[in-house]
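A quick write-up on the structure given underneath.
Atoms within each ligand, like the ligands themselves, are counted from 1 in listed order. Quantities reported herein were computed from a predicted structural model and do not represent experimental measurements.
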Amino acid sequence: MGQTTKYSHILNHIKSLFPNQDFIPLHEPRFVGNEKRYVADAIDSTFVSSVGAYVNRFEEMMQDITGAKYAIATVNGTAALHMALIVAGVTQGDEVLSQDLTFIATANAISYIGAKPVFLDVDRKTLGLSAEKLEAFLKEFGQKAEGATFNKKTGNRIAACVPMHSFGFPCEVDRIAAICQEWNIPLVEDAAESLGSYYKGKHTGGFGLLGTFSFNGNKTVTCGGGGAIVTNDERIAKLAKHLTTQAKTPHAWEFNHDYIGYNYRMPNLNAALACAQLEQLNAFVENKRELAENYTKFFKGVEGVEYIIEEPDAKANYWLNAVLLNDRKERDAFLTELNANGVMSRPVWTLMHKLPMFQDCQLGDLSISNWLEERLVNIPSSVRI
Ligand SMILES: *Cc1c(COP(=O)(O)O)cnc(C)c1O
């Protein structure tokens, strides 16, 4: 402390928010509810694997929380997204429209199918897929035929659109849904980061054909590893459940399978943890929103640092708090000073189009993504107890 450096006022403020910690991580899990009781109960029941009461209860809780008719538990969020794209009908050689500024899992899930991502820009305010740029891309390259949309440039079918709600800030998903509907493109929301976030009063993940969530250790609530798919479409829900459970046809003793299935079902042991965490979702989100309010007030008085807040139509879970620095140089100085002093901070993901695997993907205008990549930093965001 003592010594005044460029960002010492920010450092001291964050340290005061998370007192008595030598190191303040970006996001720590909190196990302050029924976690131990439910996990012990799952062990005692011997149902620790892909069948059990907790995994069914988890799916019911996810239906209640998101308002979706169906929820399917998966081993993680990446598997949820992979499966959602499969049941949405994406196949090898198709193209999927997504955003350049996202976590790698979004682009990986598309690639597992042998489909190709097309990276479009994000919105300056929501940090999620830009509805405006999506529309502009489709007007330039989209061609409707056979009840679907094809890319004029490549001839390939555009088989899905995957916006992502970055850091829990809902993107303009109603506009995106309307555009997708007009072009007959299935909408799959990567809502991995936005459990507990709403757009115009409706939970994220429920605006299109499918939505997916993650329960990884760094997310708002966690079960170690886990994911979920939500949908209102009964056929899609049944297919997703079937394919995530090895596509085994129901029978008392026979082992028969009618598709190439996946071992993607969340184990009951993890689901026990997930149920206990979901019970605390509202409290965690309220706690995080209080932290966000504190950051909002604090950063108003800080020159050269813009703290990102939700848009008027959105209620964000504030999974990861984000600030914008003036340029890359100031960003690097900020990152260096905070990390050197026990306050974890991290730049946004490297843009997808810069990674070696995605060099030959088609790109839209990426001016906002490029601008944000130079400036955006995440700061400590854990639930405070
Ligand atoms: C965390 C995350 C995922 C995947 O989650 P896992 O459960 O770690 O597989 C997918 N997309 C985004 C945007 C994420 O942040």
Side-chain angles (χ1 to χ4, degrees), residues 25-29 55 58 62 71-86 88 96-113 117 119-120 122-123 126-129 160-171 173 176 187-197 204-205 208 210-230 240 244 262-267 270-271 273-274 277-278 288 316-322 346-352 355 357-358 369 372-373 376 378 381-382:
L26 214 53
H27 203 283
E28 292 186 279
V55 66
F58 167 78
M62 282 301 289
I72 298 97
T74 63
V75 284
N76 57 54
T78 311
L81 200 51
H82 181 202
M83 184 53 60
L85 291 167
I86 290 172
V96 175
L97 307 180
S98 190
Q99 60 198 57
D100 198 31
L101 184 121
T102 187
F103 177 58
I104 189 72
T106 318
N108 280 344
I110 296 164
S111 307
Y112 296 161
I113 297 178
F119 296 115
L120 304 180
V122 294
D123 183 271
T126 69
L127 311 177
L129 183 64
C161 174
V162 185
M164 197 278 280
H165 302 288
S166 304
F167 311 127
F169 295 110
C171 66
V173 67
I176 291 170
L187 171 61
V188 178
E189 289 169 73
D190 183 348
E193 305 181 355
S194 65
L195 187 66
S197 298
T204 52
L210 293 139
T212 63
F213 295 91
S214 165
F215 297 85
N216 186 39
N218 66 345
K219 296 298 201 290
T220 301
V221 296
T222 183
C223 62
I229 301 168
V230 296
T244 50
Y262 298 79
N263 183 12
Y264 271 4
R265 190 155 181 80
M266 179 190 284
N270 296 78
L273 192 51
Q277 286 267 288
L278 284 179
K288 291 167 80 63
N317 64 5
Y318 284 91
W319 169 53
L320 283 190
N321 292 288
R346 195 178 69 184
V348 73
W349 314 285
T350 299
L351 298 176
M352 293 302 108
L355 301 176
M357 312 79 85
F358 302 120
S369 303
L372 287 169
E373 190 201 32
L376 197 147
N378 292 118
S381 305
S382 304

List below, pair by pair, the N or O atoms of ligand 1 and of the protein that are less than 3.5 Å apart, including the distance to 0.1 Å; reply 'none' if no pair qualifies.
| residue | atom | partner | partner atom | Å |
| --- | --- | --- | --- | --- |
| ligand 1 | 5 (O) | Ser214 | OG | 3.1 |
| ligand 1 | 7 (O) | Gly77 | N | 2.7 |
| ligand 1 | 7 (O) | Ser214 | OG | 2.7 |
| ligand 1 | 9 (O) | Gly77 | N | 3.3 |
| ligand 1 | 9 (O) | Thr78 | N | 2.8 |
| ligand 1 | 9 (O) | Thr78 | OG1 | 2.5 |
| ligand 1 | 11 (N) | Asp190 | OD1 | 3.4 |
| ligand 1 | 11 (N) | Asp190 | OD2 | 2.8 |
| ligand 1 | 15 (O) | Glu193 | OE2 | 2.5 |
| ligand 1 | 15 (O) | Lys219 | NZ | 3.2 |

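- In summary, the aromatic rings of Phe215 and Phe58 are positioned with their centroids under 6.0 Å apart.
- Contact of the Cys171 side chain with the Gln99 side chain is not registered, since no non-hydrogen atoms from C-beta on lie closer than 4.5 Å.
- Side-chain contact check for Met357 versus Ile104: some heavy-atom pair is nearer than 4.5 Å.
- When side chains are defined from C-beta on, Thr78 counts as touching Tyr112, because their heavy atoms get closer than 4.5 Å.
- The aromatic rings of Phe167 and Trp349 lie parallel to each other, with less than 30° between the two planes, well short of the 60° mark.
- In this structure the side chain of Val173 reaches within 4.5 angstrom of the side chain of His165, judged on heavy atoms.
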